[in-house]
Amino acid sequence: MSTIELNPIGTVSERDGLSAIEVAEAYRPGLRGLDGFSHLIIVWWASGADEPEYRMFLDAGMPYRKVESPLGIFATRSPVRPNPLCISVVDVAGIDTEAGIIRTPYLDAELGTPVIDIKPYTPSIDRVDAPAVPDWCAHWPRDVETSGDFDWGDEFRF
């Protein structure tokens with residue numbers, strides 16, 4: 001296999017009590033045209049999980065309550081994986097193209113996390129109406145609107 005080089009385009013920060021993505025000046029022209037999108041897909045590097053021993057971690061064990069046998073790491077959304085590349089779909093609270101700031105109510109990445117890419121969320125491409133899931137996670141909420149009603153505190157076995 002060949003080596004792939006990635007260059008962060010910005011970092012995760014916080015602005016006015018909201019999560020924010022600060023886009024480096026050289027990449028700010030790429031923000032043109034994002035106005036009007038209610039959601040964005042943020043691709044980020046889980047730098048806090050970027051350790052050589054974690055990159056060989058392929059057995060996730062039984063991290064969820066209803067799992068009946070060990071899972072491979074690719075069956076989870078854990079940042080501990082061969083390449084700690086993560087994605088998040090975020091609500092857009094505001095975009096300042098000139099300053100290179102995208103504000104969002106929530107982003108599940110730590111402050112200072114490198115952002116690798118930003119893509120617009122488009123329901124014609126990114127939405128799956130009726131996805132199938134294995135039995136061990138069939139009890140999870142079907143959408144983000146009802147996920148707040150689910151007791152996630154008891155779901156994970158960390």
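Keep in mind it's a predicted model, so treat the numbers as computed, not measured. Computed over heavy atoms, backbone and side chain alike; hydrogens, waters and symmetry mates excluded.
The hydrophobic cluster containing Val89 does not contain Tyr106, counting ILVMFWY residues as joined when their side-chain heavy atoms lie under 4.5 angstrom apart, directly or transitively. In this structure, Ile73 is a member of the same hydrophobic cluster as Tyr54, with clusters built from ILVMFWY side-chain heavy atoms closer than 4.5 Å. The same ILVMFWY cluster, assembled from side-chain heavy atoms under 4.5 Å apart, contains both Phe37 and Ile42.
At most 12 non-hydrogen atoms from other residues, nucleotides or ligands lie less than 6.0 angstrom from CD of Glu68. Crowding of Asp135 atom CG: a count of heavy atoms from other residues, nucleotides or ligands under 6.0 Å not exceeding 12. More than 12 heavy atoms of other residues, nucleotides or ligands shown are found within 6.0 angstrom of CD on Glu14.
Tyr64 and Trp140 have perpendicular rings, their planes meeting at more than 60° on a 0 to 90° scale where under 30° would count as parallel.
Residue Leu71 holds its CG atom at 11.0 Å from OG of Ser78, rounded to the nearest 0.5 Å. Thr122 contributes atom OG1, which lies 11.0 Å from atom CG of Leu40 (distance to the nearest 0.5 angstrom). The structure places CG of Leu107 at 11.5 Å from CG of Leu18, a figure rounded to the nearest 0.5 Å. Going from atom CG of Asp50 over to atom OG1 of Thr113 covers 11.5 Å, rounded to the nearest 0.5 Å. Distance check, rounded to the nearest 0.5 Å: CD1 of Ile87 to CG of Asp126 gives 9.0 Å. To the nearest 0.5 angstrom, Asp16 atom CG is 12.0 Å from Ser19 atom OG.
The two atoms that bring Pro105 and Ala93 nearest to each other are CD-CB, 4.1 Å, heavy atoms only. Shown here for Arg55 and Pro84, the closest heavy-atom pair between the two residues is NH2-CD, 3.7 Å.
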Throw together a table of side-chain donor-acceptor distances under 3.5 angstrom for residues 114-121, partners on residues two or more places apart or in other chains.
residue	atom	partner	partner atom	Å
Asp117	OD2	Lys119	NZ	3.0

Side-chain donor-acceptor contacts of residues 3-12 below 3.5 Å, not counting sequence neighbours, with atom names and distances?
none

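Residue pairs meeting the salt bridge (Lys or Arg N to Asp or Glu O under 4.0 Å) criterion with at least one partner in residues 78-106, sequence neighbours excluded, do not occur; the list is empty. Pairs passing the side chain to side chain donor-acceptor pair (under 3.5 Å) check and including a residue from residues 23-38, sequence neighbours excluded, do not occur.
Remark: the backbone N or O of Val90 is not paired with any side-chain donor or acceptor of Ser88 at under 3.5 angstrom.
Partners of Ser13 by side-chain contact (heavy atoms from CB on, under 4.5 Å), not counting sequence neighbours, listed by chain and number: Arg15, Ala20, Glu22. Arg77 pairs by the salt bridge (charged side-chain N to carboxylate O under 4.0 Å, His left out) definition with nothing, not counting sequence neighbours.
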Criterion side chain to side chain contact (heavy atoms under 4.5 Å, CB included) on Val92 and His39, from CA distance to verdict: CA-CA 5 Å; Val92 176; His39 293 78; 5.6 Å; no
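Contact annotation: the side chain of Leu31 approaches that of Ile102 to within less than 4.5 Å [non-hydrogen atoms, C-beta and beyond].
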